[in-house]
Amino acid sequence: MSGPQRKNLFKIEPFKQRVELDPNYSDKAWKILEHAIHEIYSHNASGLSFEELYRNAYHMVLHKYGEKLYNGLVCSMTCHLREISKCIEAAYGVLFLEELNRKWVDHNKALQMIRDILMYMDRTYVPTSQKKTVHDLGLKLWRDIIIHSRNIQIRLLDTLLDLIYKERTGEVINRGLMRNVTKMLSDLGISVYQDDFEKTFLDASSSFYCGESQKFIECCDCGQYLIKAEKRLTEEIERVSHYLSSSSEEKITNVVEKEMIANHMQRLVHMDNSGLVNMLIHDKYDDLGRMYSLFRRVSGGLVTIRDVMTFHLRETGKQLVMDSEKLRDPVEFVQRLLDERDKHDTIITQAFNNDKTFQNALNSSFEYFINLNNRSPEFISLFVDDKLRKGLKGVNEEDVEMVLDKVMMLFRYLQEKDVFEKYHKQHLAKRLLAGKTVSDDAERSLILKLKTECGYQFTSKLEGMFTDMKTSQDTMQGFYASQISDSGVGPTLVVHVLTTGSWPAQPSIPCNLPAEILGVCEKFKAYYLGTHTGRRLSWQTNMGSADLKATFGKGQKHELNVSTYQMCVLMLFNTSEQLTYTEIEQATEIPPQDLKRCLQSLACVKGKHVLHKNPMSKEIAEDDKFYFNDNFSSKFYKVKIGTVAAQKESEPEKQETRQKVEEDRKPQIEAAIVRIMKSRRVLEHNNIVLEVTKQLQSRFLPNPVVIKKRIESLIEREFLERDKNDRKLYRYLA
Amino acid sequence: MRRSANRRTVLQKSIGLNSSSATSDPYRSGRSVSKEMENIEILFGNYADISSGDIEPAGIESLCSDISISHTDVRMLLLAWKTKAKRQGYFSQYEWCRGLKALRADTLAKLKKALSDLEKEVRSPQNFLDFYSYAFRYCLADIQKNIDLETACELLNIVLASQFPSQTKKLIEFIKFQHEYKVINMDQWTGFLRFCNEINFPSLDNYDSTLAWPLILDNFVEWMLERQN
């Protein structure tokens, strides 16, 4: 070839391998992949090499054939899904859903494999070209081609709703299949679930329950209806947990609540013979509880129950306190109130979840009707009196506390607390003086409770009463110790020295005491004033009592337990056989009204008529004659004549007490006005009334007219003046 | 001191002088003023009680008959108002002179005329309020703060009836009808005038009980409305 002289330059050519790909490479690679996809869909994937397929896909993407690959995938998958769609459409009846579900499972499996093969594309090509990942693409295509296909979409929905309807009407359906299908819809995106299923489902449910509730309400009573509604509600909640998306729970319960409860609330509550009022009357805790838990689910539900309950409470309460028949016995009256409260309290705890707003409604209702009757304070005090005299005998401490707590609860409802206090003081005084208190502990416990409610001012006087009782005991011991010399002669005297002011003021004109008593009284007076200089004693003969030993005809002896007045009357018959009313009145100087009452109890009570009266009538007249009843007899040695127990006040007494209360209120109202005006200097009329009411309402509810009167009195006394220009204003004059 | 001493002597001299001799000078020179004063004092002397040195109820009675006015006539109350008399039925010399000087009346004839003029003058609202409150205070005895119902009604008739006849009539009727109040105090008294001035009568349609009227007026309105229905 070439000669040796030619310079032979050895050149090493770079290794030149043709990296240039076969121009048909991408086609070939896609062919392989397409084939693989086909195999996968035909359940023939076992023969495929994952490594080879992955490599091919990898290279395609690497060599910028990503788009071709992606489009190919779309094409091929679409094609397969169309095939599947036809299969599904061909299935009928129950098989339809099953087929759909099976194909969906297949599709998911295939999708998994395809995604693995095309993983490189998913990682690099998809994000840069902003396409859907293989998985998402698969779902999207499934949605568009299968679910939204004309032949499938409607059928799928109808089938689902039909099955749910069947289940609602009691058939058993394949819940697993339902769950898979709804799960599929959710997987395709929440909007698919909502648009293609949930919306229509809710509409269908709505009309189903609308119809059903109409049917129920026509033929069921309230209780039954509520049971059905509750059952439906739990069913729906269960259904959601079994085969619907949990996001549907609130929506479907709302539908049931609206259709079955909210729409029929008023009718249910007011149902004749079975509505709320009936349940309350008959303590139907279960029904009430059901109503509460169902109604609380809808807006305005609890308000509805509460309003009806309040109305019912007020009405029954009104009857309770206004029925004159029921007012005859104060103790029973209060017991009835307590029972009524207990009853509803139990209902609220048992059935109404101890709801605060219901408790408040209960309280405000009681406050409303208790105060309709202005004798309530008196009656409550009489109830306490009854309990503390005898009702609590032998009852253990806890129960006593419970009774007292209940009484305090009623007390809190009273607007006129000062009236109760007045009566309580009177009744306590009588209890203490007659020695009729069951337990000092109970009394003290009540005082303590009143102290927390009304403050120190009120109870200090009550405590003073107890102190007086204790001091009197010591005084009596001292007295008898000093009188040893002439003991055994004459009557035994027990004196209670009462501090004026602590005890309820009783206008008292002392009557003429029998000489025997008078002597010992004078002795006591001398003793007492000897030890306590500078004091004054006056006898309250209207409050005392006496034990008399009396001998009747045939030598029969009895001990008579009488009041001081009665004693004075009886002692007169030691010296005379017969006395007229006028003679008795002159001899004793007992006030006529009291004398009449005490003669009535001596002469007109069957089995206890120590005296004979002529003529024999109930009423006492001026010229009636009285004889000592020598034939008096009784089974008992001790005879108690005429009870001094506190009784319901008579009309004039009531008026008097009321007047006293009104009188006591005046300074309180004035003090409040002055307090307010002192700090505000200038204030409008209405605001004064408002503030005074606010300040005093824990004690009583002042009447605006009375407040106005007090203001005018303060103007007259130049504490206040009217503003010269603005007539509504008052000025404080310092 | 000298002046009052002088006055006393003048007073003593003037007793027994004929009041008709006093004439007034329309041009009121300094001399005539003192002349007028003199005449007023002479008039006072005619009615004053010698021992107390004041005009007493008896003196007023004779004054009334001299000028032929009833002692319950509003004009007598106007005279008291003008003299700012403190005590009902009495004029001190100081009060008398102050009043008559202000009225420029040094003869009985002039006094009578001046009182009639005063009746017109007092109708201006400010004057009337002053007069109206004065009338109440004038009727108070000693340290009292109230007047009894009978006096109150009479007084209303005298001072208020001419301006508010129908209101006064009804009000008096009501006061006599009710039993809640036994006396009338200043606050209620001024309330009556304010009521007459402000409230449409007899419709009472602009009465607002929240405006803090004295309670007696609330009751009055309630009573009126009850009777209207």
Side-chain angles (χ1 to χ4, degrees), chain A residues 655 658-659 661-663 665-670 672-678 680-696 701-734, chain B residues 125-130 132-133 136-137 139-149 151-152 171 174-175 178-200 204 206-223 225-226:
Chain A
Q655 295 292 341
R658 176 128 299 262
Q659 212 168 0
V661 169
E662 294 292 341
E663 231 19 76
R665 282 179 185 179
K666 281 185 185 171
Q668 294 187 51
I669 296 175
E670 283 182 2
I673 297 172
V674 171
R675 258 197 313 274
I676 291 161
M677 290 305 289
K678 203 165 178 175
R680 308 286 289 267
R681 315 306 291 188
V682 179
L683 201 60
E684 252 184 47
H685 177 76
N686 289 341
N687 286 335
I688 295 188
V689 173
L690 220 66
E691 293 217 14
V692 169
T693 313
K694 212 166 84 192
Q695 277 204 6
L696 295 175
L701 210 61
N703 181 338
V705 173
V706 176
I707 297 177
K708 197 170 188 181
K709 234 176 186 170
R710 290 299 99 210
I711 292 175
E712 282 174 30
S713 164
L714 287 169
I715 290 176
E716 200 178 323
R717 284 178 282 154
E718 288 168 14
F719 284 96
L720 308 179
E721 66 173 2
R722 290 184 199 276
D723 188 86
K724 298 271 183 307
N725 304 312
D726 189 341
R727 302 298 197 172
K728 279 175 291 192
L729 289 185
Y730 300 112
R731 295 179 170 280
Y732 180 71
L733 295 171
Chain B
Q126 194 45 51
N127 279 342
F128 191 76
L129 177 63
D130 191 47
Y132 180 82
S133 331
F136 184 84
R137 284 195 300 272
C139 289
L140 294 178
D142 299 327
I143 49 156
Q144 271 184 352
K145 286 186 170 172
N146 311 307
I147 55 178
D148 61 82
L149 295 184
T151 317
L171 199 52
F174 171 71
I175 289 173
Q178 58 86 36
H179 296 292
E180 200 175 341
Y181 294 93
K182 308 248 178 308
V183 289
I184 297 294
N185 63 29
M186 186 63 170
D187 184 49
Q188 293 161 335
W189 181 256
T190 43
F192 294 158
L193 177 61
R194 182 185 145 214
F195 178 87
C196 292
N197 278 325
E198 294 176 14
I199 302 303
N200 303 335
L204 307 173
N206 61 345
Y207 186 84
D208 179 358
S209 59
T210 62
L211 284 180
W213 291 95
L215 201 65
I216 194 171
L217 280 164
D218 288 342
N219 296 344
F220 172 57
V221 169
E222 200 178 304
W223 177 79
L225 294 176
E226 244 169 55

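Excluded from the calculations below are hydrogen atoms, water molecules and symmetry mates; all remaining heavy atoms, backbone and side chain alike, are included. Note that the coordinates shown come from a computational prediction; the quantities given were computed from them, not determined experimentally.
More than 12 non-hydrogen atoms from other residues, nucleotides or ligands lie less than 6.0 angstrom from CZ of F174(B). The environment of CD in Q659(A) is sparse: at most 12 heavy-atom neighbours from other residues, nucleotides or ligands sit within 6.0 Å.
Taken from OG in S713(A) to CG in L215(B), the straight-line distance is 12.0 Å, to the nearest 0.5 Å. Distance check, rounded to the nearest 0.5 Å: NZ of K709(A) to CD1 of I216(B) gives 10.0 Å.
Taking both residues in full, the closest heavy atoms of R722(A) and P214(B) are given as NH2-CG, 3.4 Å, listed atom of the first, atom of the second, then distance. Looking at every heavy atom in both residues, E712(A) comes nearest to W213(B) through OE2-O, 3.9 Å. Between K145(B) and R717(A), the shortest heavy-atom distance links the atoms NZ-CA, 4.4 Å.
Residues of residues 186-196 of chain B that come within less than 4.5 angstrom of chain A, heavy atom to heavy atom, are D187(B), Q188(B), R194(B) in numerical order.
In terms of the side-chain hydrogen bond (donor to acceptor under 3.5 Å, both in side chains) criterion, residue partners of D208(B) (sequence neighbours excluded) are, by chain and number, T210(B).
For a residue to count as touching a neighbouring chain, one of its non-hydrogen atoms must lie under 4.5 Å from one of that chain's; by this rule V689(A) does not touch chain B.
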